[in-house]
**Student:** 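I have a structure I would like to understand better, so I am pasting it below and will then ask my questions one at a time.
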Amino acid sequence: MWETESESRGRERVSSLEIERHDGMKNDAFVRRDQSWYVSSDIPSDLLVKVGGISFHLHKYPLLSRSGRMNRIIYESSRDSDLTMIDLDDLPGGSDAFELAAKFCYGIAVDLTASNISGLRCAAEYLEMTEDLEEGNLIFKTEAFLSYVVLSSWRDSIVVLKSCEGLSPWAENLQIVRRCSESIAWKACANPRGIRWAYTGRPSPKWNSDSKESSPSRAQPVPPDWWFEDVSILRIDHFVRVVTAIKVKGMRYELIGAAITQYASKWLPGLQDGSSQLADDGWSQGAGLHMIIAGTGNKDDLTGTQIREQRMVIESLISIIPPQRDCVSCSFLLRLLRIANMLKVAPALVTELEKRVGMQLEQATLPDLLIPSFNRGDTAYDVDLVQRLVEHFLVQEQTEPSSPSRGETPHDSMRISSGPNAKARVARLIDSYLTEVSRDRNLSLTKFQVLAEALPESARSCDDGLYRAVDSYLKAHPTLTEHERKRLCRVMDCQKLSIDACMHAAQNERLPLRVVVQVLFSEQVKISNALANSTLKQPGEPADSFQQLNFPNPTRRQLLEGTPQSFQEGWITAKKDINTLKFELESMKAKYLELQNDMDALQNKFEKMTAGNSGPTKPGKPQMGSAWSSGWWKLGKITKINNSDVQDMSGAHGPVAGPSEQGRKGPRRWRNSIS
C-alpha cells in the first residue's frame, strides 16, 4: 500500500483512540446479549437507543457531552416527559457505526480501520459530534484518520470507497467519495515503482500469494494493468468517478479502455473476459471478451432489479468510453451493443454506441455481427442495425481525411487504416453476413438488396461473396418470381466474378437465363483478352505489373492451364474448325487461279482469231464485236470483281501460294473491252 514509515507510525497513533474519563463510571467494556448491548457499569442505564433492530442500553450523560443531536433530542423531549427511548433507524452506518460512536463517548478504545472509518465518519456527522462540544471530538478524529492514513494508502482508499456504497448521500456530501476517487486516480497514474503491492481483490496470478504482501521482485517490470482488478470491485457510480478522475490526469486511453473492458466482463453476465493481461503495445493474443449468453440469452431470465442494474451499468460504461479510436476493441463494442439492445438502453446512448462501432467496423468479425433481433421482428437477425453500422462507417470514412476524430492526435491518425483497405474488409464482412442471414425465409428482398448495395462499387474487386449470398438467398426463397430473381441478381457485377464462380453460375438453374448468358459472355471476353495479350506481347515492350512485382510474365500455356477444362475443350474445337476453313479457302483459291489462267489463254486465242478476220479500224472508233466478244467481255468483268474479293478475304489470313502458282508470274490484269 502507499505509505511510508512515518505514516505507519501515524496510523498506530490515530487508529486507537483511548480517552481517559473522570466521570466516576467504570468503563470496562460493552457486553452484547442477543440483540442488545449493555455497558458494564455500576450505574444502571437510563436511556434505550434503538438502531436497525439493535438495542443499546446506555446513559444520557456520556452521549450529551459528545453528541449535539442527542443533546438536542433529550433536551427538547425532557420538557414534556422524561425520555427513556430514542429511535435512530436513519443513522448512516447502522448499528455498527453507532456502537463505535457510543464506545467513543464512553472513552472505550476504538479501533479505526479502512472498513469502518466511512460509516463512523458519517455517523459522527449525523450525531453532530463537533469540536464545539469537546476538543478532539469524533469528527476531528475520523477526519484525521481519513486524511493522513486512508488517502495515503492505495488499498485503504479502495476499501473506503467500496464501503461508501451504502452511505449515500452522506458520503457524497462529506466529500469522502470525491477524495478517495482522486486519491485512487493519482496513484494509478503515478510511477508504480513506489507501490507496496497490496491488492484488495482476489490475489493476482502474477505474484506469489503465499507471502505476507504479494510483491514482485525488484527486477521484474510492473505491468501497466496492475490497478484493473482493484477498481473493478467498485460499484458502477464510483467506478465512473474514478475513471473520470483518471482521464483528467492524462492516463493513456488504451489503458482506460482496457479497464472498462475488464469491468464490463465482471459485472455483465453476458460478457466473460478471457485475460486482462496488457502487453506494452496493446492486448495480447489471448486477451479479449467472449460472449456467453446465459441460458437462451433472453432477458426474461433476469429479474426486474437485475435488468435495471445492468442497464445502468451499460449506460454508464458507454458514457465513459474514451472518444479515441481503438481504445476498446470492435468486438467488445458489438457485444455491448447486443446487450444494450436486449435491455432496451436509452436510444441516444445506443446511437452513440453504433457510431463507435462504425468507426472501426473493419475490425469486426461475423459472429459478433450476428446480433439477434430483440424487437420481435420477422427476421431472426437485426439487419437494420447492420445497415446503420455500414452507414456510420461510410460517414466516418468520408470525414476522416478532412477532420480527425475528437481527441485524436496526429500519431493516432496514422494508425487509422487506409480507406480502400478498410472498405474492402467491410465488403467481405457484409458479404459473409448476407450469406448467413439469407437463409432466413422472413428476410425481405428489399432489405437484402439495400444492404448489398450499401457500399460503393469500388469497395469490391471481386463479387464472389455477393454471388454466394445471392445463391443462398435463391436457395432459401424458391418462390421468387422471374422479375424478383432478376432484381436480386442486379446487386452483383458479372464481370467481377472469378472463373470458379462463373463455372458455378453457368450450371446454376436458380439464376435467370439472362444472367447466365452475361456470365458466359464476360468470361469468354476475359479469356480472349488474356490469350490475346499473351500472344501479342512483344519482347521490347515495357514490363507490366507482373514484372514490376518480380513475378514472371504468364505465357500462353500458363493461361491455358489456369482455364477450366470445359473452356479449354471448347477453345480447341473452335481452333480446329478455323484451321479447316483456312485449308478449304486455300484450296478454292488455287483452283480459282488455275481457271483464271485457262481463261487468259482462251481469251488470247480468241483475240487472235478476231484480229485475223477483221480489217483495219479507224482510231478512236470502237469496233462492234459479235455476240461472242460481248459475252467474253462480261465474263472478264465478273472475274475481275471476284478476284478482288478473294484478295480481300485472303489478306486477313496472309497470302497462301497454291501449288500451281509457284515459279510463275501473276496473271495480267483484265481489260475492260476486247479490241
**Student:** Show your reasoning for whether side-chain contact (heavy atoms from CB on, under 4.5 Å) applies to Cys327 and Ile256.
**Tutor:** CA-CA 8 Å; Cys327 62; Ile256 297 176; over 6 Å; no

**Student:** Do Ile184 and Asp230 touch side chain to side chain, with heavy atoms closer than 4.5 Å?
**Tutor:** no

**Student:** Quick check: does any side chain N or O of Arg441 sit under 3.5 Å from a backbone N or O of Ala476, one acting as donor and the other as acceptor?
**Tutor:** yes

**Student:** Should the pair Glu354-Arg388 be classified as a salt bridge under the 4.0 Å nitrogen-to-oxygen rule?
**Tutor:** yes

**Student:** Considering only NZ, NE, NH1 and NH2 on the basic side and carboxylate oxygens on the acidic side, decide whether Arg178 and Glu182 come within less than 4.0 Å.
**Tutor:** yes

**Student:** Ser157 side chain to Val150 main-chain N or O, any donor-acceptor pair under 3.5 Å?
**Tutor:** yes

**Student:** With no hydrogens and no angle check, do the side chains of Gln387 and Glu391 hold a donor and an acceptor under 3.5 Å apart?
**Tutor:** yes

**Student:** Looking at Arg179, I want to see if its CZ is surrounded by more than 12 non-hydrogen atoms of other residues, nucleotides or ligands under 6.0 Å.
**Tutor:** yes

**Student:** Under a 3.5 Å distance rule, please check whether Lys162 uses its side chain to pair with a backbone N or O of Ile233 as donor and acceptor.
**Tutor:** yes

**Student:** Might you point out which heavy atoms bring Gln360 and Val328 nearest each other, and give the distance in Å?
**Tutor:** NE2-O, 3.0 Å

**Student:** Give me the one residue out of Arg425, Lys496, Arg468, Arg460 that meets salt bridge (Lys or Arg N to Asp or Glu O under 4.0 Å) with Asp431.
**Tutor:** Arg460

**Student:** Salt-bridge test for Lys447 and Asp384: reply yes if a basic N is under 4.0 Å from a carboxylate O, no otherwise.
**Tutor:** yes

**Student:** Between Tyr433 and Leu451, is there a side-chain heavy-atom distance shorter than 4.5 Å?
**Tutor:** yes

**Student:** Please report the shortest heavy-atom distance between Glu229 and Gln262, naming the atom on each side.
**Tutor:** OE1-NE2, 3.2 Å

**Student:** We want to know whether Ser331 and Asp368 form a side-chain donor-acceptor pair, criterion being a heavy-atom distance below 3.5 angstrom.
**Tutor:** yes

**Student:** Determine whether Glu315 and Arg311 make a side-chain contact, defined as any pair of heavy atoms from C-beta on separated by less than 4.5 Å.
**Tutor:** yes

**Student:** Would you check if the side chain of Ser373 reaches a backbone N or O of Tyr381 as a donor-acceptor pair within less than 3.5 Å?
**Tutor:** no

**Student:** My understanding is that only residues two or more places apart in sequence, or in another chain, count here; which of them pass ring pair (Phe, Tyr, Trp, His ring centres under 6.0 Å) with His477?
**Tutor:** Tyr473

**Student:** Should Leu434 and Val470 count as side-chain neighbours, where that means a heavy-atom distance under 4.5 Å?
**Tutor:** no

**Student:** Trp154 and ring-ring contact (aromatic ring centres under 6.0 Å, His included): which partner among Trp186, Trp226, Trp227?
**Tutor:** Trp226

**Student:** Heavy-atom count around Arg514 CZ within 6.0 Å, excluding the residue itself: above 12?
**Tutor:** no

**Student:** Flag yes if more than 12 heavy atoms outside Lys355 fall under 6.0 Å of its NZ atom; otherwise flag no.
**Tutor:** no

**Student:** Might you confirm whether atom CD of Glu457 has over 12 heavy atoms from other residues, nucleotides or ligands at distances under 6.0 Å?
**Tutor:** no

**Student:** Rounded to the nearest 0.5 Å, how far apart are CG of Asp382 and CD1 of Ile371?
**Tutor:** 7.0 Å

**Student:** Minimum heavy-atom separation for Ile260 and Ile321, please, with both atom names.
**Tutor:** CD1-CA, 3.9 Å

**Student:** Kindly indicate whether the side chain of Asp237, heavy atoms from C-beta on, has any atom under 4.5 Å from the side chain of Val177.
**Tutor:** no

**Student:** Suppose the criterion is side chain to side chain donor-acceptor pair (under 3.5 Å): which pairs have a residue in residues 238-248, not counting sequence neighbours?
**Tutor:** Glu172-Arg241

**Student:** Checking the side chain of Asp464 only, and the main-chain atoms of Ser498 only, is there a donor and an acceptor separated by less than 3.5 Å?
**Tutor:** yes

**Student:** If you count heavy atoms of other groups shown closer than 6.0 angstrom to CZ of Arg439, is the number above 12?
**Tutor:** yes

**Student:** Write down the atom of Met359, the atom of Pro323, and the distance for their closest heavy-atom approach.
**Tutor:** CE-O, 4.1 Å

**Student:** Please test Tyr467 against Asp493 for side-chain contact (heavy atoms from CB on, under 4.5 Å), starting from the C-alpha separation and ending with a verdict.
**Tutor:** CA-CA 9 Å; Tyr467 169 71; Asp493 187 357; over 6 Å; no

**Student:** Can you measure from CH2 (Trp267) to CD1 (Ile314) and round to the nearest 0.5 angstrom?
**Tutor:** 14.0 Å

**Student:** Using side-chain hydrogen bond (donor to acceptor under 3.5 Å, both in side chains), reason through Thr481 and Arg487 one step at a time and then give a plain yes or no.
**Tutor:** CA-CA 10 Å; Thr481 64; Arg487 176 185 163 193; over 6 Å; no

**Student:** Counting only heavy atoms not in Glu453 (residues, nucleotides, ligands), do more than 12 fall under 6.0 Å from its CD?
**Tutor:** yes

**Student:** Step by step, would you call Ile246 with Val231 a side-chain contact (heavy atoms from CB on, under 4.5 Å)?
**Tutor:** CA-CA 11 Å; Ile246 288 177; Val231 298; 5.6 Å; no

**Student:** Just how far is it from atom CG of Leu353 to atom CD1 of Ile318, taken to the nearest 0.5 Å?
**Tutor:** 4.5 Å

**Student:** Which value, rounded to the nearest 0.5 Å, describes the distance between Ile236 atom CD1 and Gln310 atom CD?
**Tutor:** 12.0 Å

**Student:** Specify the closest pair of heavy atoms between Asp463 and Leu497, including all atoms of both residues, with the distance to one decimal.
**Tutor:** O-CD2, 3.5 Å

**Student:** Please confirm whether the backbone N or O of Arg235 pairs with a side-chain atom of Glu165, one donor and one acceptor, at under 3.5 Å?
**Tutor:** yes

**Student:** In Å and rounded to the nearest 0.5 Å, what is the CG to CE distance from Asn508 to Met503?
**Tutor:** 12.5 Å

**Student:** State plainly whether the residues Asp471 and Arg510 are in salt-bridge range, i.e. N to O under 4.0 Å.
**Tutor:** yes

**Student:** If you take all heavy atoms of Lys249 and Cys189, which pair is closest and at what distance?
**Tutor:** CB-SG, 3.8 Å

**Student:** Is there a donor-acceptor pair closer than 3.5 Å between any side-chain N or O of Ser163 and the backbone N or O of Val160?
**Tutor:** yes

**Student:** Starting from the C-alpha separation in whole Å, work towards a yes-or-no answer on side-chain contact (heavy atoms from CB on, under 4.5 Å) for Glu484 and Cys489.
**Tutor:** CA-CA 9 Å; Glu484 290 174 336; Cys489 293; over 6 Å; no

**Student:** Indicate yes or no: at least one non-hydrogen side-chain atom of Pro512 is less than 4.5 angstrom from one of Glu482.
**Tutor:** yes

**Student:** Check for a donor-acceptor pair, side chain of Asp225 on one end and backbone N or O of Phe228 on the other, with a separation under 3.5 Å.
**Tutor:** no

**Student:** Given side chains that start at C-beta, do those of Tyr263 and Val243 come closer than 4.5 Å, heavy atoms only?
**Tutor:** no

**Student:** As an exercise, state the distance from CG of Leu361 to CG of Leu394, rounded to the nearest 0.5 Å.
**Tutor:** 9.0 Å

